[in-house]
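For the single chain, residues carry numbers from 1 onward in sequence order.
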Amino acid sequence: MFGGDLAHKVATFYSNLLGIRLDMERIAQGEFPDDRHLLTSLLDEDLSLWGETEALGLDAVKQLRELSGGRWKLGKPAPRTKWTK
């Protein structure tokens, strides 16, 4: 259905995003209160991973737009169909 490696890109994007979100939740819950080195290291790793993830997501969006034949534009609501109300 999808050309090339689009499905892999989307799955990897969401997998990476979930990992980053889980780390942020752990930080917010105070899991690393006394270990600034570990916290800093974790944040550095997540920021690096986010850079890769963002690029992957942008590429996937570009591919999805190409597959849509111009029918999908960022910022515009999806057209209503018989399945949406």
Side-chain angles (χ1 to χ4, degrees):
M1 178 176 186
F2 296 122
D5 58 348
L6 180 59
H8 181 263
K9 286 179 185 176
V10 171
T12 302
F13 173 85
Y14 280 106
S15 177
N16 291 355
L17 183 61
L18 177 62
I20 292 168
R21 286 181 173 174
L22 289 173
D23 285 346
M24 296 303 108
E25 184 177 335
R26 291 170 60 205
I27 290 168
Q29 291 176 350
E31 190 170 318
F32 309 100
D34 298 327
D35 195 340
R36 289 184 185 257
H37 178 72
L38 180 60
L39 178 59
T40 301
S41 177
L42 181 64
L43 288 171
D44 285 343
E45 290 174 16
D46 281 349
L47 286 172
S48 176
L49 181 60
W50 175 248
E52 297 169 21
T53 302
E54 182 182 30
L56 195 64
L58 290 172
D59 192 48
V61 167
K62 179 182 174 188
Q63 282 185 265
L64 286 166
R65 285 187 179 147
E66 289 169 0
L67 284 171
S68 77
R71 293 183 300 271
W72 182 53
K73 300 285 185 200
L74 189 62
K76 293 184 178 181
R80 294 195 178 264
T81 66
K82 65 181 181 178
W83 307 108
T84 60
K85 296 189 182 215

For the CZ atom of Phe13 and the CG atom of Leu58, what is their distance to the nearest 0.5 Å? 8.5 Å

Start with the C-alpha gap between Met24 and Leu42, add the side-chain angles, then the distance that decides, and say whether side chain to side chain contact (heavy atoms under 4.5 Å, CB included) holds. CA-CA 9 Å; Met24 296 303 108; Leu42 181 64; 5.8 Å; no

Output the distance between atom CG (Leu56) and atom OG1 (Thr12), rounded to the nearest 0.5 Å. 6.0 Å

Distance in Å, Leu6 CG paired with Leu67 CG, rounded so as to fall on 0.5 Å steps: 6.0 Å

Please identify each residue that fulfils side-chain contact (heavy atoms from CB on, under 4.5 Å) with Gln29, with sequence neighbours left out. Glu25

Answer with yes or no whether the hydrophobic clustering places Ile27 together with Leu38; edges join I, L, V, M, F, W, Y residues whose side-chain heavy atoms lie under 4.5 Å apart. yes

Ser15 side chain to Ala11 backbone, donor-acceptor under 3.5 Å: no

Here the gap from Leu17 atom CG to Thr53 atom OG1, rounded to the nearest 0.5 Å, amounts to 7.5 Å

Pairs satisfying salt bridge (charged side-chain N to carboxylate O under 4.0 Å, His left out), at least one member in residues 30-57, at least two apart: Arg26-Glu31

Are Tyr14 and Trp50 connected in a single hydrophobic cluster, I mean Ile/Leu/Val/Met/Phe/Trp/Tyr linked by side-chain heavy atoms less than 4.5 Å apart? yes

